[in-house]
Amino acid sequence: MYASGPYILSHKNDFETTFCKNAGYMKGTEHEPEIEEVLSRMPTAPCPPCAVARFISNTAS
């Protein structure tokens with residue numbers, strides 16, 4: 001597998017995405033990734049439109 005960035009996508013489904021450290025990315029430099037694994041979880045249900053509108057109106061003032 002070829003990867004050019006600091007992290008490689010290793011797992012993805014409807015609820016989460018997992019990235020692993022690219023062991024060959026700038027190894028031994030200050031730019032080498034320090035985190036071994038990054039887990040990103042997605043919301044299970046969309047935010048209701050009324051909650052978004054309420055948030056926007058409260059922060060607009």
Side-chain angles (χ1 to χ4, degrees):
M1 173 186 270
Y2 174 80
S4 62
Y7 293 95
I8 300 169
L9 176 66
S10 65
H11 174 78
K12 178 183 175 282
N13 62 30
D14 291 340
F15 307 105
E16 65 184 27
T17 305
T18 305
F19 295 91
C20 292
K21 175 181 173 179
N22 181 354
Y25 184 79
M26 297 189 154
K27 191 171 184 106
T29 69
E30 64 181 82
H31 303 292
E32 179 181 0
E34 297 178 8
I35 301 171
E36 293 292 325
E37 185 177 88
V38 177
L39 176 65
S40 174
R41 294 200 173 155
M42 311 303 170
T44 55
C47 181
C50 60
V52 174
R54 189 171 30 244
F55 175 75
I56 292 170
S57 66
N58 288 341
T59 58
S61 53

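Positions are given from 1 along the sequence. Every heavy atom of this structure was used, including side-chain atoms; hydrogens, water molecules and symmetry mates were not.
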NE2 on His11 to CD on Glu16, rounded to 0.5 Å: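 Going from the CD atom of Glu16 to the NE2 atom of His11 covers 5.0 Å.
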Which heavy atom of Met26 sits nearest to which heavy atom of Glu32, and what is that distance?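 Looks like O-CB, 3.5 Å.
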Backbone N/O of [Y] and side chain of [X]: donor-acceptor pair under 3.5 Å:
X	Y	answer
Ser40	Thr17	no
Asn22	Ile8	no
Tyr7	Pro33	no

For the CG atom on Leu39, are there more than 12 heavy atoms of other groups (residues, nucleotides or ligands in this structure) within a distance under 6.0 Å?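 Check passes, neighbour count above 12.
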